[in-house]
Visitor: 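What follows is a structure written as structure tokens; I'll ask about it next.
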Amino acid sequence: MTFASLRRKILGAPRDVFDPKTYHHISLIAFLAWVGLGADGLSSSAYGPEESFRALGQHQFLAIGLALAIAFTVFIISYAYSRIIEHFPFGGGGYVVATKLLGPRFGVVSGSALLVDYVLTVSVSVAAAADATFSFLPPSWHVWKLSLEFVAIAALMVLNLRGVKESVTILAPIFVVFLITHAILLLGVIIGRGGELPQVAHEVHAGYRNGLATLGVGGLAALFIRAYSMGAGTYTGIEAVSNGLQIMREPKVQTGKKTMLYMALSLALTAGGITLCYLLVHARPVEGKTMNAVLVEAFAGGWGKAGQLFIWLTLAAETALLFVAAQAGFIDGPRVMSNMANDSWLPHRFGQLSDRLSMQDGILLISAASAGTLLYTRGDTSTLVLMYSINVFLTFSLSESGMVRYWFRERAKYPDWRSHIVIHLIGLVLCVSILTVNVIEKFREGGWLTLVVTALLIGLCFVIRHHYLGVRQNLRRLDDVMSALPARAACERQALDPRLPTAVLLVGSYGGLGIHQILTIQRLFPGTYKNLLFVSVGVIDSATMKGVEEVDELKRRTEEGLRRYVDLAGRLGLHADYRMSIGTEVVAEAERVSLEAAREFPRAVFFAGKLIFERERWYQRFLHNETAYQLQRRLQFAGLNAMVLPVRVLQERSDQSEAAA
């Protein structure tokens, strides 16, 4: 079995980008979007409320206020992001919001923070799930825990390379079991302990009175704020819906808002309810057990075998959901990379799609980075959690700041601007407060590493963007050639004679780079080629992948550029025609069209342009694809003649351009 056939068997056959059913098939209804994107937030109820409750120490009477604060915060942030969905219906989340409303520099900070956060989403979820799994197994088996985590990441990677909907559909039953078991748990505790509510109310009242007497208002408030902020992991994942809007079923805005509502209700009720139930069952930390395990045992421990079965099923569903929660990192992480790549903050290859219409390079990088993070921390969940929640609240704060700025700036246009801005002001205060407390509390314990990695990524993004801007500025000299081109009318277009020598030019959009190829061929081989055949591939990337209409528009733009090349050749007195294709993998499509052209024109020679830097650096091959060389190798292996025409990029001029940028 060849590698290609094995890959096809594992990942599935390519999808037809011109079939409207394809876009319907890969999009998610609100429920499946809730599974794929909401699992991250819902799974945080396995550790977020516990962190808050533990921070209360002996002052557990504050748990009622804490449960209400958790639910309130979930609804505020969720509602604020529902409004963001309305303003940014094509998705993009915090990166797009910060870029459009605060500026590109704030956007790259938000995007970099999200990327680190999504890597940690995968790492934390997989590590926590592995911890829960091995808590049921003998200690001698724990040596295999890290290996299991790597296997889990590899399995999720393959599922996502096959496509988003496939991965979500497979994981949906786990999500449903979690919802059912935890609904039974929360309702059972609240209803079952209903008779004890007067006693609990008395204990809470006495606790507040004693707390005020010993700590004072300020001390009690400080304790509450710290406990509230330490549970910041509870709110991670809320932003995922607005970021993943592109994968949702039409009408996307309504689907996104419905998904956000599902997420807000489930997370607020689960996280707030668990915190309240800790208080009702008088839960106390037990060595070697999570607080949720203590809660489930307090509820069902006296049921005999049925209780043991329920305890096992509930904790198993919680464990499995943590694996599912990693899905948010695989769905949204590559999408953030794609948006940043389209703006040249990251290598452009991260905006490309595979033939399965998945963001293959982004998925592979998220997988590798998550595995590396687990290897560095040895899969220690506590260390990962410390690193986890800082960046998401940095993104939340930037998004809310952008929306506040927008409504204040547009207040003259919208008479009801005050009703819109208030929700974002409240969200901004909450997010900045949680971010500040988390940085202070977690900085020395591991939070510093998150900030350092994020800062390094931001710096790398600026270096990459400066490189692209410098190359783009340098290539503008080729566009100057167009001003010197003949303006006379083109000769009448005629069919090409396949018996004559034919130069097949592989070109992109109409511009100086393609024109440079035409003039170079005429200079190197004067009078040799009687025919010019222009070949172009319209590449469907993540920015184009929104529906058949966008693909049709890409086809129109590609054909228009080819017609302009043919018209230019006519003005130069040459006979010319064009061939084109639309696809996700430029090399494969260009090879196919070229082989068809070779059969049509037996005396064809193929030409492709390639940027050549004055001082070659290792990173330039990564930032600029090797399409010309890859295609040359494939065509030469097929027995065809192919040449790569160099297009010089002067490093000195590029450096000056980067400095000016």
Side-chain angles (χ1 to χ4, degrees), residues 44-76 185-186 189-190 192-236 267-299 382 385-386 388-390 393 429-445 447:
S44 65
S45 61
Y47 49 82
E50 178 174 346
E51 288 290 323
S52 291
F53 194 78
R54 284 178 181 271
L56 292 177
Q58 300 300 315
H59 303 85
Q60 295 179 356
F61 58 87
L62 292 171
I64 291 181
L66 195 58
L68 293 174
I70 289 172
F72 175 75
T73 304
V74 169
F75 281 119
I76 288 293
L185 171 65
L186 298 181
V189 170
I190 293 173
R193 304 273 174 157
E196 301 176 19
L197 288 179
Q199 179 183 349
V200 172
H202 175 72
E203 292 174 357
V204 170
H205 181 266
Y208 271 106
R209 189 174 57 222
N210 294 333
L212 289 173
T214 56
L215 298 178
V217 175
L220 206 59
L223 175 65
F224 181 84
I225 291 173
R226 181 179 182 276
Y228 166 71
S229 300
M230 292 302 288
T234 306
Y235 317 109
T236 56
L267 179 56
L269 292 175
T270 304
I274 285 175
T275 305
L276 179 61
C277 288
Y278 287 159
L279 177 66
L280 292 178
V281 302
H282 301 91
R284 295 290 186 275
V286 176
E287 184 69 26
K289 292 184 179 181
T290 65
M291 291 289 291
N292 283 8
V294 173
L295 174 61
V296 179
E297 290 178 353
F299 170 63
S382 60
V385 170
L386 284 173
Y388 186 30
S389 56
I390 292 176
F393 275 92
V429 171
L430 289 175
C431 292
V432 170
S433 301
I434 294 174
L435 174 63
T436 303
V437 174
N438 267 268
V439 170
I440 294 172
E441 290 286 339
K442 298 180 178 180
F443 184 81
R444 293 185 177 180
E445 300 177 23

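Residue numbers start at 1 and run along the sequence shown.
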Visitor: Could you tell me the separation between the CG atom of Leu56 and the CZ atom of Phe224, rounded to the nearest 0.5 Å?
Guide: 8.0 Å
Visitor: Strictly by salt bridge (Lys or Arg N to Asp or Glu O under 4.0 Å), give each pair with a member in residues 211-220 just once, sequence neighbours left out.
Guide: none
Visitor: As an exercise, state the distance from CD1 of Ile190 to CG of Leu185, rounded to the nearest 0.5 Å.
Guide: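 Those atoms lie 9.0 Å apart.
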Visitor: Does His59 form a side-chain contact (heavy atoms from CB on, under 4.5 Å) with Leu215? I'd like the steps, not just the answer.
Guide: CA-CA 11 Å; His59 303 85; Leu215 298 178; 3.6 Å; yes
Visitor: At what distance, to the nearest 0.5 angstrom, does CZ of Arg284 lie from CZ of Phe53?
Guide: 6.5 Å
Visitor: List for me each residue that meets salt bridge (charged side-chain N to carboxylate O under 4.0 Å, His left out) alongside Glu51, sequence neighbours excluded, and say none if there are none.
Guide: none
Visitor: Suppose the criterion is side-chain hydrogen bond (donor to acceptor under 3.5 Å, both in side chains): which pairs have a residue in residues 206-218, not counting sequence neighbours?
Guide: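 As it turns out, there is no side-chain hydrogen bond (donor to acceptor under 3.5 Å, both in side chains) pair with a partner in residues 206-218 once direct neighbours are skipped.
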Visitor: Testing the basics here: between Ala298 and Arg193, what is the closest heavy-atom pair and its distance to 0.1 Å?
Guide: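 Closest heavy-atom pair between Ala298 and Arg193: O-NH2, 3.8 Å.
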Visitor: Could you pull out the closest heavy-atom pair between Leu267 and Ser44, with the gap in Å?
Guide: CD1-OG, 3.9 Å
Visitor: Using a 3.5 Å cut-off and no angle test, enumerate the donor-acceptor pairs between side-chain atoms of residues 269-281 and protein atoms at least two apart in sequence or in another chain.
Guide:
residue, atom, partner, partner atom, Å
Thr270, OG1, Ser266, O, 2.6
Thr275, OG1, Ala271, O, 2.9
Tyr278, OH, Asn292, OD1, 2.4

Visitor: For the atom pair CD1 (Ile390) and OG1 (Thr436), what is the distance rounded to the nearest 0.5 Å?
Guide: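 So the CD1 of Ile390 and the OG1 of Thr436 are separated by 11.0 Å.
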Visitor: What pair of heavy atoms forms the shortest contact from Met291 to Ala283, and how long is it?
Guide: CE-CB, 3.8 Å
Visitor: If a pair satisfies side-chain hydrogen bond (donor to acceptor under 3.5 Å, both in side chains) and one of its residues is in residues 219-231, list it, with sequence neighbours excluded.
Guide: Thr73-Tyr228, Arg226-Glu441
Visitor: His282: what forms a side-chain hydrogen bond (donor to acceptor under 3.5 Å, both in side chains) with it, not counting sequence neighbours?
Guide: Glu203
